[in-house]
Amino acid sequence: MFFYYDPHVPESFNNQLHKLDTLEGLLKQVDILSIHCPLNEKTKNLLNKDTLSFLKKGAVIINTSRGKIIDEKSLITMLDPQELSLGLDVLANESSVPTELLKNERVILTPHSGFYTTAGLEKMRYLAIVSALNFLTGKENLNCIVNR
């Protein structure tokens with residue numbers, strides 16, 4: 001079963017996903033947490049020492065969103081006791097990667113370019129063309145093209 005938490009999305013959004021009412025509830029349920037949210041005042045350090053403690057031991061965190069959504073100091077503190085595995089495409093400060101993340105075998109870091117594969121670039125070009133055609137033929141408005 002797939003779960004999600006988003007306070008701004010109605011429960012009827014997707015019948016294949018099960019919406020949970022709280023971030024705490026989501027963190028207690030998941031084995032793999034994939035983060036997809038913008039960085040703003042409400043999401044900065046959304047994952048911190050308190051919230052990370054709700055994750056199951058051995059959970060996997062994937063962040064391709066924004067680095068500052070996770071409080072890195074708390075993440076490093078919780079990394080070994082929680083036996084977390086990380087896939088991070090973003091960091092709070094990409095010019096200064098903490099040694100604890102670089103040296104941990106359960107951490108995979110990419111330079112905010114995880115999409116950069118032949119297949120990823122082909123799909124991005126294809127979606128750009130489809131979006132442009134849909135806009136030009138009146139099937140989508142311009143706001144629907146951004147951040148696909």
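- Contact of the C37 side chain with the I69 side chain is registered, since non-hydrogen atoms from C-beta on lie closer than 4.5 Å.
- At least one side-chain heavy atom of L84 sits less than 4.5 Å from a side-chain heavy atom of M78.
- Atom NZ of K56 has more than 12 neighbouring heavy atoms from other residues, nucleotides or ligands inside a 6.0 Å radius.
- For L39, the CG atom is densely surrounded, since the number of other residues' heavy atoms within 6.0 Å is greater than 12.
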Using the side chain to side chain contact (heavy atoms under 4.5 Å, CB included) rule, take L102 and L109 through it: C-alpha gap first, then chi angles, then the decisive distance, then the call. CA-CA 8 Å; L102 284 172; L109 301 171; 3.8 Å; yes
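- Placement of Y126 and L133 in two distinct hydrophobic clusters is found when ILVMFWY residues are connected by side-chain heavy-atom separations under 4.5 Å, directly or transitively.
- Residue F3 holds its CZ atom at 4.5 Å from CD of Q29, rounded to the nearest 0.5 Å.
- A donor-acceptor pair is defined here as one N or O able to donate and one able to accept, closer than 3.5 Å; such a pair exists between the side chain of T43 and the backbone of P38.
- Side-chain atoms of E83 do not come within 3.5 Å of backbone N or O of A59 as any donor-acceptor pair.
- T22 has its side chain out of reach of L27: every pair of non-hydrogen atoms, C-beta onward, lies at least 4.5 Å apart.
- Judged by distance alone, the side chain of S65 and the main-chain N or O of H36 form no donor-acceptor pair under 3.5 Å.
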Evaluate the side chain to side chain contact (heavy atoms under 4.5 Å, CB included) criterion for residues L75 and N48: first the C-alpha distance (whole Å), next the side-chain angles of each, then the deciding distance (0.1 Å), finally the verdict. CA-CA 7 Å; L75 182 64; N48 53 54; over 6 Å; no
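- Hydrophobic clustering (ILVMFWY, side-chain heavy atoms < 4.5 Å, transitive): V90 and L101 are in distinct clusters.
- Looking at V60, I61, N63, I70 one by one, the single match for side chain to side chain contact (heavy atoms under 4.5 Å, CB included) with L86 turns out to be I61.
- Each of I62 and L46 belongs to its own hydrophobic cluster when Ile, Leu, Val, Met, Phe, Trp and Tyr are linked at side-chain heavy-atom distances under 4.5 angstrom.
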Would you check, one step at a time, whether the test salt bridge (charged side-chain N to carboxylate O under 4.0 Å, His left out) holds for R106 with D80? CA-CA 9 Å; R106 291 188 324 274; D80 288 328; 3.1 Å; yes
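- K68 and A92 get closest at one heavy-atom pair: CE-O, 3.5 Å.
- A 4.5 Å side-chain heavy-atom check between T77 and L79 finds every atom pair outside the cut-off.
- Nearest heavy-atom pair across Y5 and L20 is CD1-O, 3.4 Å.
- In this structure the side chain of V97 reaches within 4.5 angstrom of the side chain of L91, judged on heavy atoms.
- Under a hydrophobic clustering in which Ile, Leu, Val, Met, Phe, Trp and Tyr are joined whenever their side-chain heavy atoms come within less than 4.5 Å, directly or via other members, L127 and I129 fall into different clusters.
- Side-chain contact between L33 and L26: present, with at least one pair of heavy atoms (C-beta onward) separated by less than 4.5 Å.
- Side chain of S131 to backbone of A128: no donor-acceptor contact under 3.5 angstrom is found.
- Side-chain contact check for T64 versus T110: every heavy-atom pair is 4.5 Å or farther apart.
- The OG atom of S85 sits 11.5 Å away from the CG atom of D31 when rounded to the nearest 0.5 Å.
- The closest side-chain heavy-atom distance from E72 to P98 is below 4.5 Å.
- Using modelled atom types, one side-chain atom of K19 and one backbone atom of D6 make a donor-acceptor pair closer than 3.5 Å.
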